[in-house]
Amino acid sequence: MTLMSHNYDLHTHSIASDGTLTPTQLVEAAAAEGVRVLALTDHDSTAGIEEAQQAACRCQLSLVPGVEISVTWRGQVIHVLGLNVTPGVATLEDGLEKLRAYRDWRAQEMGRRLAAAGIPKAYEAAVGLAKGSIVSRTHFARYLVSLGRVPNVPAVFKQYLVRGKPGYVPGEWAPLEEAVDWILAAGGSAVIAHPARYKLTATKLRMLLGQFRECGGVGLEVVSGSHGVEDVQRMAEQARRLDLVASVGSDYHGPEHSWAGLGRLQPLPHGCVPIWSSEHWPNAVPRRASVI
Ligand code: AMP
Ligand code: MN
Ligand code: MN
Ligand code: MN
């Protein structure tokens with residue numbers, strides 16, 4: 001069977017980070033949506049991959065082991081996906097471990113700041129919701145929604161968890177070059193996630209992508225669940241110009257998710273080289289540009 005871009009979803013989350021499905025439930029949901037090649041890309045963790053691999057064998061779906069690494073570039077948070085990484089490689093795992101240590105400190109500091117703003121015990125509640133996985137701002141947001149003060153998760157982010165708001169903690173994630181190095185050390189390919197979400201000027205975006213390429217990065221997530229039609233066209237053009245291969249991912253976090261669900265993504269525009277038919281994919285048959 002020939003796979004089309006809608007059979008690929010190369011950016012998803014499970015309860016190993018801030019998703020709401022277990023890796024098994026995620027794989028089963030993806031298979032039911034017609035996804036044939038699924039990447040599990042939890043934030044700063046590879047903990048869900050083994051379970052996802054086992055479920056994928058049962059569902060006859062191809063599981064791409066991945067990770068979404070938090071990076072700070074010129075004061076801005078950027079997410080870098082590692083696709084086809086080998087979990088357990090020390091360089092990658094040590095790097096992720098450092099990020100998780102920073103995350104733990106940041107979560108405690110968020111708790112202190114929210115307490116000062118009149119919301120006590122948010123740290124304890126977020127840790128409880130994370131159930132032993134990494135603690136994300138998403139867990140804080142879900143707790144604040146449960147208090148009934150704010151209607152939904154995006155509203156909590158806006159009022160409490162973004163720069164300039166009471167629960168926001170400025171800090172430093174991994175440098176871009178280091179994150180790419182960890183991915184390369186683990187045999188993976190590095191892809192810039194949801195590029196339109198950073199709201200960079202054209203000049204700054206080109207600077208980011210140029211630097212990313214120099215570090216060994218190869219891909220741009222042209223199609224993302226959070227990209228509109230124009231974003232996809234703009235990013236397709238950037239990928240072509242900078243000779244980056246194109247990736248496709250929903251950024252699915254669970255069924256209550258507000259943007260495009262698993263497997264329901266826009267097609268990859270003509271002229272993009274899909275990452276899965278490039279030299280950056282294991283056993284790919286290289287192709288110059290997408291014909292879909
Ligand atoms: P963190 O890595 O802990 O800073 O949390 C980032 C995560 O929060 C992202 O991966 C999204 O899942 C979620 N997120 C970020 N911004 C928003 C927003 N405006 N609305 C809803 N979720 C968001
Ligand atoms: Mn997330
Ligand atoms: Mn992200
Ligand atoms: Mn994501």
Side-chain angles (χ1 to χ4, degrees), residues 9-21 23 26 30 38-48 64 66-73 75-83 96 98-111 113-114 122-123 126-127 129-130 133-145 150-165 167-174 179 190-199 219 221 223-227 247-262 265:
D9 193 335
L10 302 180
H11 184 163
T12 66
H13 297 272
S14 75
I15 55 166
S17 65
D18 57 351
T20 55
L21 299 183
L26 173 74
L38 176 77
L40 177 63
T41 54
D42 277 308
H43 297 286
D44 308 324
S45 171
T46 58
V64 174
V67 64
E68 182 174 17
I69 302 182
S70 312
V71 161
T72 303
W73 180 78
Q76 165 115 30
V77 180
I78 302 287
H79 286 172
V80 176
L81 298 167
L83 298 178
L96 298 179
K98 276 196 290 184
L99 293 182
R100 291 195 296 266
Y102 168 66
R103 240 180 213 290
D104 286 343
W105 173 83
R106 184 193 66 157
Q108 291 173 44
E109 181 62 19
M110 283 176 70
R113 291 184 186 211
L114 287 169
Y123 169 71
V127 169
L129 290 172
S133 298
I134 65 136
V135 185
S136 155
R137 279 185 293 164
T138 311
H139 298 111
F140 281 89
R142 289 182 191 140
Y143 173 60
L144 265 66
V145 170
V150 188
N152 52 48
V153 166
V156 179
F157 269 85
K158 219 168 158 182
Q159 289 178 38
Y160 289 96
L161 303 181
V162 294
R163 200 188 290 272
K165 300 298 172 177
Y168 184 76
V169 179
E172 290 278 318
W173 297 100
V191 173
I192 298 276
H194 43 63
R197 277 181 68 186
Y198 311 126
K199 310 254 180 273
E221 195 172 54
V223 173
S224 160
S226 60
H227 282 177
S247 191
V248 167
S250 63
D251 202 4
Y252 185 77
H253 282 68
E256 52 292 287
H257 202 68
S258 59
W259 55 60
L262 276 168
L265 291 160

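We count ligands from 1, going down the list as the structure has it; atoms in each ligand are counted the same way. Residue numbers count from 1 along this sequence.
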With the Mn ion (ligand 2) as the point of reference, which N/O/S atom of Asp18 is the closest?
OD2
What's the count of protein N, O or S atoms under 2.8 Å from the Mn ion (ligand 4)?
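Excluding waters, the total comes to 4.
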Who pairs with His79 by ring pair (Phe, Tyr, Trp, His ring centres under 6.0 Å), at least two apart in sequence or on another chain?
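Partners of His79 by the ring pair (Phe, Tyr, Trp, His ring centres under 6.0 Å) criterion, ordered by chain and then number, come out as His43, His194.
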Side chain proximity check, [X] to [Y], heavy atoms < 4.5 angstrom:
X	Y	value
Thr20	His253	no
Ser17	Asp44	no
Arg197	Ser224	no
Phe140	Leu129	no

Show me which atoms of ligand 1 lie under 4.0 Å from any heavy atom of [X].
X	result
Arg106	1 (P), 3 (O), 4 (O)
Ser136	3 (O), 5 (O)
Thr138	7 (C), 8 (O), 12 (O), 13 (C)

Would you check whether His139 reaches within less than 4.0 Å of ligand 1, judged by its heavy atoms?
no
Is a side-chain donor-acceptor pair under 3.5 Å present for Glu221 with His227?
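Glu221 and His227 do not have a side-chain donor-acceptor pair below 3.5 Å.
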Flag for His139-Asp18: side-chain donor and acceptor within less than 3.5 Å
no
Using heavy atoms and a threshold below 4.0 Å, how should the contact between [X] and ligand 1 be classified: side chain, backbone, both, or neither?
X	value
His253	side chain
Asp18	side chain
Arg103	side chain
His43	side chain

Start with the C-alpha distance between Leu10 and Thr41, add both sets of side-chain angles, then the distance that settles side-chain contact (heavy atoms from CB on, under 4.5 Å), and finish with yes or no.
CA-CA 8 Å; Leu10 302 180; Thr41 54; over 6 Å; no
Step by step, work out the side-chain contact (heavy atoms from CB on, under 4.5 Å) result for Val77 and Tyr198.
CA-CA 8 Å; Val77 180; Tyr198 311 126; over 6 Å; no
Taking N or O atoms only and a 3.5 Å limit, does Trp173 qualify as a polar contact for ligand 1?
no
Short N/O distance, under 3.5 Å, between Arg137 and ligand 1?
yes
side-chain contact (heavy atoms from CB on, under 4.5 Å), that's the test. Do Val135 and Tyr123 meet it? Break it down for me.
CA-CA 9 Å; Val135 185; Tyr123 169 71; 5.5 Å; no
Under the side-chain contact (heavy atoms from CB on, under 4.5 Å) rule, what do Thr12 and Ser250 come out as? Steps first, then yes or no, please.
CA-CA 7 Å; Thr12 66; Ser250 63; 3.9 Å; yes
